[in-house]
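The structure appears right after this line, and notes come after that.
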Amino acid sequence: QNHKPLNFTAILGNIPKLIEKLDEEDFENECILNNQLTNYLLKSENTKKKEKYFNQVSNGSNKSIEFIFQYIEFANDNEKKLFIAQLTWDGLWSYIYKELSKKEQNKYFKLLFNNLEIKRLVELDMSSYLSEQTVLPKYSKEDNEKYKELIDKLNIAFNYIDNPSDNPLLFTYIYDNEHYTFNSKMIELIVKEKGNVDSSKINELQYKNLTVIRESEAEKLIENIDNNIDLYFENIFNKLDKNKQESEDTLLYLLNHDELNIEHKESIIEKVETKVSDIASVAESELWQTLLIENKIKANWDNVLYYYQ
C-alpha cells in the first residue's frame with residue numbers, strides 16, 4: 001500500500017485478503033499491475049475495484065502496454081480470452097500495427113479474431129492490416145462467416161490473393177462483393193479463377209485487356225468495371241503500355257459509355273491501334289475530329305460524307 005511497484009510476475013500470498021485490504025484508489029495506480037492478481041480478478045465477480053484495475057490495464061500508458069503484452073505471453077488460452085474481453089484500450093490494434101513485426105501482427109490478429117466479437121473488432125479498426133493481406137486463412141465455415149462480416153463492415157479491398165484455392169468460398173465472396181482493388185495483377189487473377197478463358201489467352205490481357213475481360217464470362221467483374229469505368233481506365237487501362245489492340249466492339253463500348261470521362265475517351269483513341277469502321281457508331285460527335293486526326297476511322301466515302309453532313 002506504499003505504492004512500491006509490484007513485479008508483474010511477483011508471487012502473491014492471500015489475494016482475496018490483499019484485495020480486501022487495499023483501497024479502491026490503489027487499483028488506479030500502475031504499481032498494482034500483476035499477473036497473479038489479474039488472473040484472480042478475471043475470474044471474480046464485478047466490483048468497483050475490478051473495474052478500476054482493468055481501467056488501469058487499458059489506459060494506454062507505457063506501463064500498461066508493457067503489462068498487456070507480457071501478460072498475454074504468460075496466460076493460458078482461457079485466461080487470454082477473458083483478459084482480451086476486458087481490454088477497453090481502443091489503441092490496442094493501432095499499437096500492434098505500428099510497433100510490431102508482421103509476424104507479431106499476424107499472431108495478434110489471430111488471437112483477437114478468435115476471441116472478440118465483430119463489434120469490438122470493427123472498433124479496433126484493422127482496415128490497413130486486412131487490406132495488405134494476400135494469403136487467405138483456411139477457416140472453418142463459422143470463421144469464414146465472421147471474416148466476411150468483418151471485411152464487409154470495414155469495407156476492405158484486397159490488392160491481391162496468393163492462394164484463392166485454399167479458401168475458394170472466401171475468395172468467391174471477395175469477388176462477388178467487390179472486395180478488391182482495380183489493378184492489373186488482381187484482374188488477371190480474377191479472370192483466371194472466375195472467367196472461362198483458355199490459359200493461352202491470359203497473356204493477351206496486356207495487349208487487349210478489356211476485350212479479354214468482356215469475353216471471359218466473369219460477369220461480376222464485367223459489371224464492376226461497367227459501374228466504375230473511369231476508375232478502371234485510370235488504374236488499369238491507361239497503365240498498360242502495350243494495351244493497344246482492343247477489339248472494335250470494345251473500343252465502341254468505351255467511346256459510347258455514358259459514365260466515361262470524355263478526356264479519357266480521347267486518350268483511348270490516341271492510344272489504341274484499332275480503327276472504327278463506321279463513324280456513325282460513335283454517339284458523341286465531339287470525338288469524330290479526334291478519330292480523324294488520329295487516323296482511327298476506316299477510310300471510306302460513307303464516313304467522310306457522314307462527318308461533313
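Below, each value reflects all heavy atoms present in this structure, side chains not excepted, and no hydrogens, waters or symmetry copies. Numbers here are sequence positions counted from 1.
Between the side chains of Glu246 and Thr211, a donor-acceptor pair is found at a separation under 3.5 Å. Between the side chains of Asn144 and Asn167, at least one donor N or O sits under 3.5 Å from an acceptor N or O. Judged purely by distance below 3.5 Å, without hydrogens or angles, the side chains of Ser247 and Asp249 never pair a donor atom with an acceptor atom. Under the 3.5 Å distance criterion, with hydrogens and angles disregarded, a donor-acceptor pair is assigned to the side chains of Lys194 and Thr172. A donor-acceptor contact closer than 3.5 angstrom links the side chains of Asp226 and Tyr253. For the 3.5 Å distance criterion, the side chains of Gln70 and Asn35 qualify, holding a donor opposite an acceptor.
Other residues, nucleotides and ligands place more than 12 heavy atoms under 6.0 Å from the CD atom of Glu273. A 6.0 Å sphere centred on NZ of Lys80 holds more than 12 heavy atoms belonging to other residues, nucleotides or ligands. For NZ of Lys107, the number of neighbouring non-hydrogen atoms (other residues, nucleotides, ligands) closer than 6.0 Å is greater than 12. Within a 6.0 Å radius of CG in Asp198, more than 12 heavy atoms belonging to other residues, nucleotides or ligands are found. Counted within 6.0 Å of CG on Asn62, heavy atoms from surrounding residues, nucleotides or ligands total 12 or fewer; the atom is thus considered open.
Between Leu33 and Phe8, some side-chain heavy-atom pair lies under the 4.5 Å cut-off. The shortest side-chain heavy-atom distance between Val276 and Ser281 falls under the 4.5 Å cut-off. Residues Tyr108 and Leu111 meet the side-chain proximity criterion, which asks for heavy atoms closer than 4.5 Å. Within the 4.5 Å cutoff, the side chain of Asn209 has no heavy atoms near those of the Phe237 side chain. Contact check for Lys208 versus Thr250: no side-chain heavy atoms found under the 4.5 Å cut-off. Looking only at side-chain heavy atoms (C-beta outward), Ile19 and Thr47 stay at 4.5 Å or farther from each other. Using a 4.5 Å heavy-atom cutoff, the side chains of Ile229 and Leu254 are in contact. Counting heavy atoms from C-beta on, the side chains of Lys153 and Ile118 come closer than 4.5 Å.
Hydrophobic clustering, with ILVMFWY side chains joined whenever heavy atoms are under 4.5 angstrom apart, keeps Leu169 apart from Ile174. Leu251 and Ile293 sit in two unconnected hydrophobic clusters of ILVMFWY residues. Membership requires side-chain heavy atoms under 4.5 Å apart, directly or through other members. Note on Val212 and Leu252: same hydrophobic cluster, where clusters join Ile, Leu, Val, Met, Phe, Trp and Tyr whose side-chain heavy atoms are under 4.5 Å apart, directly or indirectly. By the criterion of side-chain heavy atoms lying less than 4.5 angstrom apart, applied directly or through intervening Ile, Leu, Val, Met, Phe, Trp or Tyr residues, Val135 is not grouped with Leu130; the two fall into different hydrophobic clusters. Cluster membership check: Ile65 shares its hydrophobic cluster with Leu37, using side-chain heavy-atom separations under 4.5 Å among Ile, Leu, Val, Met, Phe, Trp and Tyr.
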Inset, instruction - Show your reasoning for whether side chain to side chain contact (heavy atoms under 4.5 Å, CB included) applies to Tyr232 and Asn224. - result: CA-CA 9 Å; Tyr232 167 78; Asn224 192 11; over 6 Å; no
Inset, instruction - Tell me, with the steps shown, if Tyr95 and Trp89 meet side chain to side chain contact (heavy atoms under 4.5 Å, CB included). - result: CA-CA 10 Å; Tyr95 177 87; Trp89 177 32; 3.6 Å; yes
Inset, instruction - Begin with the C-alpha distance, continue with both residues' side-chain angles, and end with the deciding distance and a verdict on salt bridge (charged side-chain N to carboxylate O under 4.0 Å, His left out) for Lys146 and Glu149. - result: CA-CA 5 Å; Lys146 185 176 182 179; Glu149 187 177 354; over 6 Å; no
Inset, instruction - Test side chain to side chain contact (heavy atoms under 4.5 Å, CB included) on Thr38 and Gln86 and set out the steps. - result: CA-CA 11 Å; Thr38 301; Gln86 287 286 342; over 6 Å; no
Inset, instruction - Show your working on side chain to side chain contact (heavy atoms under 4.5 Å, CB included) between Asp166 and Leu136 and close with a plain yes or no. - result: CA-CA 7 Å; Asp166 283 349; Leu136 295 182; 5.6 Å; no
Inset, instruction - Take Tyr71 and Asn34, measure what side-chain hydrogen bond (donor to acceptor under 3.5 Å, both in side chains) needs, and give me the verdict at the end. - result: CA-CA 9 Å; Tyr71 178 80; Asn34 173 268; over 6 Å; no
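A salt bridge is absent between Glu188 and Lys185: the closest approach of a Lys/Arg side-chain nitrogen to an acidic carboxylate oxygen does not fall below 4.0 angstrom. Using a 4.0 Å cut-off between charged nitrogen and carboxylate oxygen, Glu145 and Lys141 do not count as a salt-bridge pair. Using a cutoff of 4.0 Å between basic side-chain nitrogens and carboxylate oxygens, Asp90 and Arg120 are scored as salt-bridged. Between Glu28 and Lys52 there is a salt bridge, with a side-chain nitrogen of the basic residue lying less than 4.0 Å from a carboxylate oxygen of the acidic one. A salt bridge between Glu51 and Lys48 is present, with a side-chain N of the basic residue lying under 4.0 Å from a carboxylate O of the acidic one. For Lys220 and Glu178, the salt-bridge test fails: no basic side-chain N is under 4.0 Å from an acidic carboxylate O.
With Asp26 contributing its side chain and Asp23 its backbone, the two residues share a donor-acceptor pair below 3.5 Å. Looking at Asn261, its side chain never comes within 3.5 Å of a backbone N or O of Asp230 through a donor-acceptor pair. A distance-only check finds a donor-acceptor pair linking the side chain of Gln36 to the backbone of Leu12 [under 3.5 Å]. Judged by distance alone, with hydrogens and angles left aside, the side-chain atoms of Asn59 form no donor-acceptor pair with the main-chain N or O of Ser64 at under 3.5 Å. Within the 3.5 Å criterion, the main-chain N or O of Ser277 finds a donor-acceptor partner in the side chain of Glu248. Put simply, the side chain of Asn76 gets close to the backbone of Asn78: a donor and an acceptor are under 3.5 Å apart. A donor-acceptor pair under 3.5 Å is formed between the side chain of Lys296 and the backbone N or O of Ile269. Judged by distance alone, the side chain of Asn114 and the main-chain N or O of Lys110 form a donor-acceptor pair under 3.5 Å. Judged by distance alone, with hydrogens and angles left aside, the side-chain atoms of Asn177 form no donor-acceptor pair with the main-chain N or O of Asp152 at under 3.5 Å. Between the side chain of Asn196 and the backbone N or O of Glu217 there is no donor-acceptor pair closer than 3.5 Å.
Of all the heavy atoms in Glu20 and Lys49, the pair that sits closest is O-NZ, 3.6 Å. Nearest heavy-atom pair across Asn256 and Lys265 is C-NZ, 4.2 Å. Counting all heavy atoms, side chain and backbone alike, Val197 lies closest to Lys201 at CG1-CB, 3.7 Å. The shortest heavy-atom contact between Trp93 and Asp125 is CD1-O, 3.5 Å. Looking at every heavy atom in both residues, Met186 comes nearest to Tyr180 through CE-CB, 3.5 Å. The heavy-atom pair separating Asn295 from Lys275 by the smallest distance is O-CE, 3.1 Å.
Checked against the 6.0 Å centroid criterion, the rings of Tyr139 and Phe113 qualify as a close aromatic pair. Taking the six-membered ring for Trp and the full ring otherwise, Tyr53 and Tyr40 have centroids separated by 6.0 Å or more.
Taking CG from Leu287 and CD from Gln289, the interatomic distance works out to 10.5 Å, rounded to the nearest 0.5 Å. If you take CG on Leu154 and OH on Tyr129, they are separated by 13.0 Å, rounding to the nearest 0.5 Å. Between the CG atom of Leu189 and the OG atom of Ser184 there is a distance of 11.5 Å, given to the nearest 0.5 Å.
Classified by interplanar angle (parallel below 30°, tilted 30° to 60°, perpendicular above 60°), the ring pair His179/Tyr173 is parallel.
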